[in-house]
Structure formats: C-alpha cells, structure tokens
2 protein chains.
Amino acid sequence: MKTTIYDVAKAAGVSITTVSRVINNTGRISEKTRQKVMNVMKEMAYTPNVHAAALTGKRTNMIALVTPDISNPFYGELAKSIEERADELGFQMMICSTDYDPKKETKYFSVLKQKKVDGIIFATGIENHDSMSALEEIASEQIQLAMISQDKALLPMDIVVMDDVRGGYEAAKHLLSLGHTNIACIVGDGSTTGEKNRIKGFRQAMEEADVPIDKSLIVPTRFSLESGKEEAGKLLDRNAPTAIFAFNDVLACAAIQAARIRGIKVPDDLSIIGFDNTILAEMAAPPLTTVAQPIKDMGRSVIELLAEAIEGKRKTKQKIVLPPELMVRHSTSPLKPRAR
Amino acid sequence: MKTTIYDVAKAAGVSITTVSRVINNTGRISEKTRQKVMNVMKEMAYTPNVHAAALTGKRTNMIALVTPDISNPFYGELAKSIEERADELGFQMMICSTDYDPKKETKYFSVLKQKKVDGIIFATGIENHDSMSALEEIASEQIQLAMISQDKALLPMDIVVMDDVRGGYEAAKHLLSLGHTNIACIVGDGSTTGEKNRIKGFRQAMEEADVPIDKSLIVPTRFSLESGKEEAGKLLDRNAPTAIFAFNDVLACAAIQAARIRGIKVPDDLSIIGFDNTILAEMAAPPLTTVAQPIKDMGRSVIELLAEAIEGKRKTKQKIVLPPELMVRHSTSPLKPRAR
DNA sequence: CTGTTAGCGCATTCAC
DNA sequence: GTGAATGCGCTAACAG
C-alpha cells in the first residue's frame, strides 16, 4: 500500500507532527531527529500526498497555461519556455487550449478553480462575458493571474508583452531603408492589442519618412494560412506593392506562396517581412526576415512573476515590456531601380 | 469563504450524503430532492473540492502527456488533438516536456505519482533506467499507461502507432513510380522504432522494384534543421541522387534549403518527400509531398483507449495501428530523361 | 430513499 | 524540541 506520514512516523519512532515538520521545514527540530526522519523517508520512498496537503490549504504547485492553440508554433514555443522555467521553480503545468471557443474558456476557468491551481497564465485575451464572472471568483480565491503577449487584462494581473509598437516600427524602418515605399500590411482581424500597436509603429515610421500610407494596402485576414494566401493573392493582383509586412510568420509564408504562384520572385521582385520568428521563419524558402519576439524571455518572465506572486513576495502587479529584435534573413532585399 | 458540501446540504435541508449522491449520481434519490439539491448547488455556485474527493480515492481526472518537446510542431499537433478529445471526455491534461533529458523524465514520473494522475500518455520512449523503477511503482498504483507514436513499451500499456513500414513503403513507391531509382534517405539517429520500420518499408519497395540500395545514400542526422542541412548538403555534393526521402518534414525542409543553396531546383532537378505532414509541409516552398501521419486520429485514439482503461471498461491492453496517407504536393516530380 | 459516522493523509493549534 | 488532537471536504459503508 501507499506509505503515509503515519508509516514514516512509526518507523522513525516519532509523531506525525515531527515528520510533517521536517517535510515542510517548519518549527524547531533537533538535527538528530531530522536526519533520522529524512533517512526513513528515503528508505521508504515516501512522497507526501499532494491532495491531503492541498486540503489543508497548502499550495498545489500546479499552474495553468491558457492558450488559444498549442499546435500553433508560436504558442508551442511559448509553452515550452514556460514549462522549462516552471519545472525549475517546482511547478507543473496544465495546458488549456481554448481553440478560440468562449465556452471552452469558461469551462476551463471552472475546473481551474476546482483544481485549486496556484496560478494561471493567459496567452489569450479574455473575451467571454460569462468567463469574467468565473474569473472574478478565481481571483477572489487567491489564485494568482498573469498575462502574456496580450495587454488587455480586465483584472489586476502581471503582464509580459513585447513592445509591439517598436516591432512595427522596426519592420517598416527596415523596408524603408531598403528603398521601399510601396508597402502593404497583412494583418489579422485587428482585434488584439498586439496588432494595433504594430500598426501604430508602422505608421510612425512611415510618417517619419514622409511616406503616405495607402489604406487599401492594409489587408485583414483570419490569421490562417489559407486566408493569408487568398488575401495576399488578391492584394498582389490588385495593387503592386514592392514590399509586404506580414503580422506573423504564417501570414508571411502565405504571402510567399501567393507570390510564387504568380511568378513574383521573393525577394527580387517583392520583399516580405514576417513577425514572431518562429521555426517557420527558418524553414521558409527563402528564409524569412522577421521581427523576433523574445519568446524564451517572455516565457521565463511571466512564470517568474507569477511564482513571486504565488509566494507572496510582492503584492503590486507588474508589467514587463520586452524589446523585439529584427532578424534579417533572405526574404527582403533593396528595391531594384526598375522593379515592377 | 468557499462553499462546501455542508453549506449545500444545510441550504437544501438534507444531509451531505444526499448531496454527494446527486453529485456523483450514485445510489437512489427521489427526483424531487435531486432537483432541490441541484438548484441549491447552482445558486450557490458550488463546485466540489477535487482534492478532498481524490483523498477518498476518487479519480482526479488529470492525465499527463509526456513529450520530448512541445515546441516541435508534430508534438504540438499531437498534444492538441489529445487535449481536445480529453476535454470532451472530462479530463484535463498536464504537459511534461522532458527535453530528451532522462533526469527530467524521472523527476516527472515522481510528481505524476504524487499528483495521482489517472493516466499517462508517453509520446517518448522510456529510456532512462532510473525511470523504470519509478514507472513500475506508478503502474502498481493503478495509474493507467499508454504510448503513442512509439512502440517500445517496457510495461504493458495501450499503444497507438502509425504503420511506419507502410509509410516508408509508400514514400519509396511514389518516388519509384516517378521514375526515380537513385534515392537517398535522410534519417535520424536510427534509434526509434518508427525509423527502423520506415527503412524496412523503403527497402521492401526497392526490392520489389529490383532497385539496389546504395548504403552511402542513407545519411543519419540529429533530427534537427541544422544537422539536416549539413548532412543533406554533404550528400548532394558527394552523390547525386535524383530524389530524397526525408524522415520528417523538418529534414525535408532542410534538404530543400541545402538544394537551394547549390542551385539545384526542387522538384525539377531533385524530388524531395517528407514525413509527418505537419504545418511545415504546407508552408514549405515548394509545398512538400509527404507521408501524412494521422495525427488527429492518433491523438483521439490514445486518449480514448486510456479513458477506457481508466474507467476499467477493459483489462486487456490494446494496440492500434493507423495507416499513413501519401500527400502529393509539389516537391516531387517525374524524373527527367536527361536529369543531372 | 435518506442520514450517521468513520476515515482518506496531512498541517496546525495547543499543551507538555 | 516534541506530541495529541482537531479539521480540511468528501466518499462510502452502515443503519435506519
């Protein structure tokens, strides 16, 4: 049978209180009995029952990552970086993939409350109204909250984001420096804070360079490969931009494909810059020039903030903004004098 | 404060047993009191404390997915398909990314035991010897085990794999049907059952076609993009295969890049076929012809098997073998008469 | 059909 | 320094 604290206590000739104390390193115990208990625990291969501990109010060491889609490389890489650091800090991670479904979101909040996770990291906005009330209960139960890669927390929580304004700015700047002025943007549905900020940065750079922005060159998509190909295709048929700023690597790949079908050469006839720097950027042909999000750092930062909050080391919420980094590869090139 | 089963019982004017019964749908209760209790629970927004329940031996509804690397699209997509079905079946999923580190593996096994997860799905082989003893304890504690995409279970467990022999066979067959005979294979370190079987299938097809196999055309890699590019490059410099069978999509992309650098056109001068059919296959330029693993089905199948085992519906272990599917895209083409 | 009671394994006052 | 006793919230005999 499973060995309990009683078994250990008996074998060590002490009370369960003493055993509990050496486990949690609380109270005062003589070095001698501590050693004895430790040895017995090792011999019996004793591991405390987490649920019994949780029942008395102890932490569960579980955190949850709420993400729209783990199969998306960006979230996959994010999850990995969080998991790595979480493991080091002694936390296990539950994955909640909402699949952009508000119902699933709400449902998950309910189980997270039940499971008494120590903290939750949102890699998605919280869109659903029903979710909000569930979330408020969660917050009132001492469960710590944090948000990553989004900046629309409706409740007080720690936040880690990248400087999207600067990201958009640098992307535009790069293209401008190569001589491009006829630049299109392939965006998503425009709802996320990230997108809005990227556009803002883009505008800023264009204004500084005194290049007017043609609104017909800003094309929305559903953030998917299919949708990206379609919209990029229409764009290329309609206008003739010499450069495209895609708001993520998937859309950049889509643009490459759309160009390819039309016999437009990247980067010779058309420069394309992506965003995120996921594995796709390396894989693409040609390899993608892209604005890198510091995924690893972002992941580490959130979980560290969250851990601090869980341990009660800090009561004030914090916001960390990390800088983007331009990765120049081979999908962008100087504007050719007689291009298109 | 958190509302407990006592609060509900009091408010409903019944005993906690009755409440427990309606929660778990056990025993016989009059429809009337059941309704009453249900209403009260809803009004009070009561959710049972999972830990208290677990303490009495009830299931935790937690399962764990042990994977080498969730940031790898293949495992990401696998995780997603498992999570989706798990959610439907009422299970939450913990992610354990071992990062190919035996120590982390062992450590995870220990916490999984503590947490009393209902079941564990291995998407990795179990390599570590220390892990084995930990695993045996786990198995002895009623925790159900399953393995996916690998077939080297050291303990009895349910298994879901793809027919890799056939996958290798179909890849070779496809290339042969296009007229290729000078075919190279880019493999990994050769350790997994999947690889061995793919080679086996490849050999089989070649033999049937009476095409001799040149062993120098089988090049090992570390399964990474970098390593793949390097080895593919050496291969192309050294021999001059007209086709390459890469053992996963990452390696296929690597081969495309290596060819590109050398001015070798895909698929005109060189046909390349991948394996897995991850998002990379769609993204690649040209889009990759590849042997699709039925990731979604595989994921669904394991979790369903596991759930059955957890619910005790079946005592005998089962093995499901799913068929691969050839996805013809644009990275392969008929051998040109005067090619290279 | 419903209620009483005794644990599940552990943390935590209080005493000693 | 150490231990006995109590309760965390729930399930499962056992009685009615």
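Throughout, a chain's letter reflects where its sequence line sits, starting with A, and its residues are numbered from 1. Side chains included, hydrogens not; waters and symmetry mates left out as well; all remaining heavy atoms used.
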Kindly say if [X] contacts the phosphate of [N], meaning a side-chain N or O under 4.0 Å from OP1 or OP2.
X     : N      : value
A:T4  : C:dC8  : no
A:T18 : D:dG3  : yes
A:T26 : C:dT12 : no

- Message: In whole Å, I'd like the distance from the CG atom of A:L55 to the P atom of D:dG7.
- Response: 14 Å
- Task: May I have the distance from B:I29 (atom CD1) to C:dG3 (atom P), rounded to whole angstrom?
- Result: 10 Å
- Note on the structure: Taken in chain and number order and not counting sequence neighbours, the residues that satisfy salt bridge (charged side-chain N to carboxylate O under 4.0 Å, His left out) with A:R314 are A:D158, A:E308
- Query: Do other residues, nucleotides or ligands put more than 12 heavy atoms under 6.0 Å from A:Q142 CD?
  - Reply: no
- Ring centres of A:F122 and A:F109 under 6.0 Å apart? yes
Quick one: label [X] by what it contacts on the DNA or RNA (base, sugar-phosphate, nothing), any heavy atom closer than 4.0 Å.
X     : result
A:S20 : base
B:V19 : nothing
A:I16 : base

- Item | Neighbours of DNA chain D within residues 33-52 of chain A, by heavy-atom distance under 4.0 Å | A:T33
- Item | Nearest-nucleotide comparison on DNA chain D, the residue closer to the 5′ end among A:S15 and B:R21 | A:S15
- Task: Using only heavy-atom distances, decide whether a donor-acceptor pair under 3.5 angstrom links the side-chain of A:T17 to the base of C:dT12.
- Result: yes
- Task: State whether the distance check finds a donor on one side and an acceptor on the other, under 3.5 Å, for side chain A:Y6 versus base C:dC8.
- Result: no
- Message: Measuring only between side-chain heavy atoms, which start at C-beta, is A:M147 closer than 4.5 Å to A:V161?
- Response: no
- Message: Using a strict threshold of under 4.0 Å (side-chain N to carboxylate O), is an ion pair present between A:R85 and A:E88?
- Response: yes
- Item | B:V40: partners by side chain to side chain contact (heavy atoms under 4.5 Å, CB included), with sequence neighbours left out | B:V8, B:A11, B:A12, B:M44
